[in-house]
Amino acid sequence: MACILILLGAPGAGKGTQAVRLAEAYRLTHVSTGDLFRLHLGQGSSFGLKAKEYMDAGALVPDEVVLDMLAERVGQPDCEKGYLLDGFPRTLAQAESLGSRLSPDDQVVVLALDVSEETLIRRASGRLLCRSCENIQHLDFKPPARGGICDSCGGELYRRPDDAPEVVRERIAVYRNQTAPLVEFYDQLDVLTRVDGERAPGEIFEGLRSVIAERGVDLG
Ligand code: AMP
């Protein structure tokens, strides 16, 4: 049996920040399809090259590319007991494909972060990512102690090109049209809980932990 935690939410909802905390707290492998694409892009691999034009435009990478990349990642030994999905699934076809590769005794818990559009744009516009570790900072909410340097590992912080305001607006529209229907999809399967994502990261984290406890998730 494996436990699959899924973080659902619009771009800027705080999925990445919470995923890092949850992965550490529950010793779960963090699988972020966005991070994987950025890694592949940096390495110039075929997954990265196929994804680039879509990522630059704030569009979704075609399902078959995402699914191949994900299969390669979750097939590795560190995902055997379960994993934490961040940024996947993003379409109904992806959710159905994930469902078909799980076995009946696998436990799926979907945590949906609720955040207003105004907050999403504010968060994305000051977001800074570390090139060396998974740390996410923010110019206003978590400013680096030393300009441009990651507080966690001393690596270089950078702004994602797709965090430019016009691309963020497109990504939010894509979320609304293609990903938001998954809230209903997982709700009907009775595996989804909505969590207020407007609060401070520590409070959101506690909210997520309560849901995981209530759902009786077996992470042993
Ligand atoms: P993220 O870091 O999750 O915001 O993802 C960055 C970009 O990678 C997205 O805007 C998409 O272009 C692409 N991407 C990441 N995950 C997926 C996915 N599950 N399906 C399609 N495209 C994705």
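Both counts, for ligands and for their atoms, begin at 1 and track the order of listing. Note that these values count all heavy atoms, side chains included, but never hydrogens, waters or copies made by symmetry.
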Legend entry - Backbone N/O of L7 and side chain of K15: donor-acceptor pair under 3.5 Å: no

Inset, instruction - Can you see which heavy atom on A23 is nearest to which on H30, and at what distance? - result: CB-CB, 3.9 Å

Legend entry - Region of L60 that comes within reach of ligand 1 [heavy atoms, distance under 4.0 Å]: both

Inset, instruction - Taking atom CD of E198 as the centre, report whether more than 12 heavy atoms of other residues, nucleotides or ligands fall under 6.0 Å from it. - result: yes

Legend entry - Residue Q94 vicinity, atoms of ligand 1 by number, heavy atom under 4.0 Å: 18 (C), 19 (N), 20 (N), 21 (C)

Inset, instruction - Please confirm whether G58 comes within less than 3.5 Å of ligand 1 when only nitrogen or oxygen atoms on both sides are compared. - result: no

Legend entry - Minimum-distance protein heavy atom relative to atom 15 (C) of ligand 1: R90 NH1, 3.3 Å

Inset, instruction - Would you mind checking which non-hydrogen protein atom is closest to atom 22 (N) of ligand 1, with the distance to 0.1 Å? - result: V61 N, 3.0 Å

Inset, instruction - Classify the contact between R171 and ligand 1 as side chain, backbone, both or neither, using a heavy-atom distance cut-off of under 4.0 Å. - result: side chain

Inset, instruction - Considering only non-hydrogen protein atoms, determine which one is nearest to atom 16 (N) of ligand 1 and report residue, atom name and distance to 0.1 Å. - result: T33 OG1, 2.8 Å

Inset, instruction - Heavy-atom contacts with A59 under 4.0 Å: which atoms of ligand 1 show up? List them by number with element. - result: 11 (C), 12 (O)

Legend entry - L5, V74, D78, I6 screened by side chain to side chain contact (heavy atoms under 4.5 Å, CB included) with Y83, the one that passes: V74

Legend entry - N/O donor-acceptor pair under 3.5 Å between R123 side chain and G12 backbone: yes

Legend entry - Which atom of L85 lies closest to which atom of I4, heavy atoms considered: CD1-CG2, 3.9 Å

Legend entry - Short N or O distance, R38 and ligand 1, threshold 3.5 Å exclusive: yes

Inset, instruction - Would you indicate whether E206, at its atom CD, is surrounded by more than 12 heavy atoms from other residues, nucleotides or ligands within a distance under 6.0 Å? - result: yes

Legend entry - contact_flag R160 ligand 1 heavy-atom lt 4.0 Å: yes

